[in-house]
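Report on the structure given below.
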Amino acid sequence: MKKNTNINIKEIRKDFPILNRKVNGNDLIYFDNAATSQTPKVVIDSIVSYYSNYNSNIHRGVHALSQEATDAYENSRIKFQKHFNADNSFEIIFTSGTTHSINLVANGFKKILKSGDEIIISQLEHHSNIVPWQMLCEETGAKIKVIPIDHNGELVFSEFEKLLNSRTELVFVNHVSNALGIINPIKKIIDRAHEFNAIVLIDGAQATPHMKVDVLKLDVDFYVTSTHKICGPTGVGILYGKEKWLNKIPPFFGGGEMIDQVTFEKSTYAGLPNKFEAGTPNISGVIASGIGLDYMNSIGLENINKYESELLNYATKEMLLIEDLKIYGVSKEKTSVISFNVGEIHPYDIGSIVDKFGIATRTGQLCAQPIMDYFKIPGTIRVSFSFYNTKEEIDLFIKALHKAISMLS
Ligand SMILES: *Cc1c(COP(=O)(O)O)cnc(C)c1O
């Protein structure tokens, strides 16, 4: 199949039913894509089709429906394996989301870490990549060290190097910051951490919507994301782990499907990936996530990335013309996210007013309080663009922003 070399935005927008709706009497302008992406009709249809045609539990029935469901579910795993270039399909574990994936790994290290071991995270992390490690440290006596950011919001690599030593066991960094959109130099981080035999987990929730990720090339130990940010439904996450680490850590949940033998004395665990997929999973969601991935790949991540960069550059240029508007996160390596404030106006007030014009933004701490503390602000307004957004929408947003500012100052 020949891939499009250009994005046909008009056609693409037709694929998303929600883009037809009105909000407060205006056409919806959805600029909250970093929180969750909208869902194309093919994905919605696949969920309807699952429940209409082959709803059934997987891996356990010999009957036709169960086999169809199992095949579709496992086929989805293979799609993600290929997409991320993992060696084996069993290195792709389906979870309920990024948060679940991170907790699964953190839980897995409870018995492995010792008091005095060190974990490095960054100041740019989402709360879901901070709290599980704090919980792990409370239980094990390990310590957290934090890679600082500079005034642009970029990680200070030389400070990271200073934190590494023989006690460093784990390094956890996001690929792209959800609050600032900055792309972190993860290959450099992974390689340097490996020189100290540290295990690296990358939170890819903000990267996978915008760029191709090759786990083999990265040589990353764990890579996690949520499919609701890549055109899939909510409630499905991906955990990629190298086989050796997935074999080393214990399961998070006990129950059906994750066992080999069960007696009252002792149960033995199933092999990968079942060991980590106890109970009935989100079958329709996993299948639909595979359809969402296919949809995104049919447009092409390179095309998406190029188009979104145009939107980012256009919006950045227009917004910087506004007096007293400050953008947080300045870097050449950025995804289509703009986090900003205008003078002393509270982000929430601007967010509420632009919502009256049908424009969805995110306001507040963005699940990243340490970043807000660094900049000494209560929060920001964040607009984040996807490949179905347009320059016309950005123009309408700028207009609404001007109105909000004149009402509030
Ligand atoms: C969205 C996001 C998460 C949390 O994802 P969930 O789907 O809510 O579990 C974690 N990290 C980053 C960087 C995110 O953008």
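What's counted below: heavy atoms across the whole structure, side chains too, no hydrogens, waters or symmetry copies. Start at 1 with the first residue, then count along the sequence. Numbering of ligands and ligand atoms starts at 1, following listing order.
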Are Phe94 and Tyr73, when compared by the centres of their aromatic rings, separated by less than 6.0 Å? yes
Is His228 close to ligand 1, meaning an N/O of one under 3.5 Å from an N/O of the other? yes
Between Thr95 and Ser101: side-chain donor-acceptor atoms closer than 3.5 Å: yes
Identify the protein heavy atom lying closest to atom 10 (C) of ligand 1, giving its residue, its atom name and the separation to 0.1 Å. Ser128 OG, 3.1 Å
Look at atom 15 (O) of ligand 1 and say which protein heavy atom is nearest, naming residue and atom and giving the distance to 0.1 Å. Gln206 NE2, 2.5 Å
Nearest protein heavy atom with distance in Å, relative to atom 8 (O) of ligand 1: Thr99 OG1, 3.8 Å
Are any side-chain N or O atoms of Lys275 and backbone N or O atoms of Tyr269, one a donor and one an acceptor, separated by less than 3.5 Å? no
When distances are taken from atom 7 (O) of ligand 1, the protein heavy atom at minimum range is Ser226 OG, 2.6 Å
Applying a 4.0 Å heavy-atom criterion (strictly less than), which segment of Asp203 is in contact with ligand 1: side chain, backbone, both, or neither? side chain
Under 6.0 Å between the ring centres of Phe385 and Phe31? yes
Protein heavy atom at shortest distance from atom 2 (C) of ligand 1: Lys229 NZ, 2.5 Å
Can you find a non-hydrogen atom of His100 under 4.0 Å from ligand 1? no
Do Thr36 and His228 have side-chain atoms, one donor and one acceptor, less than 3.5 Å apart? yes
Glu302 atom CD, over 12 foreign heavy atoms within 6.0 Å: no
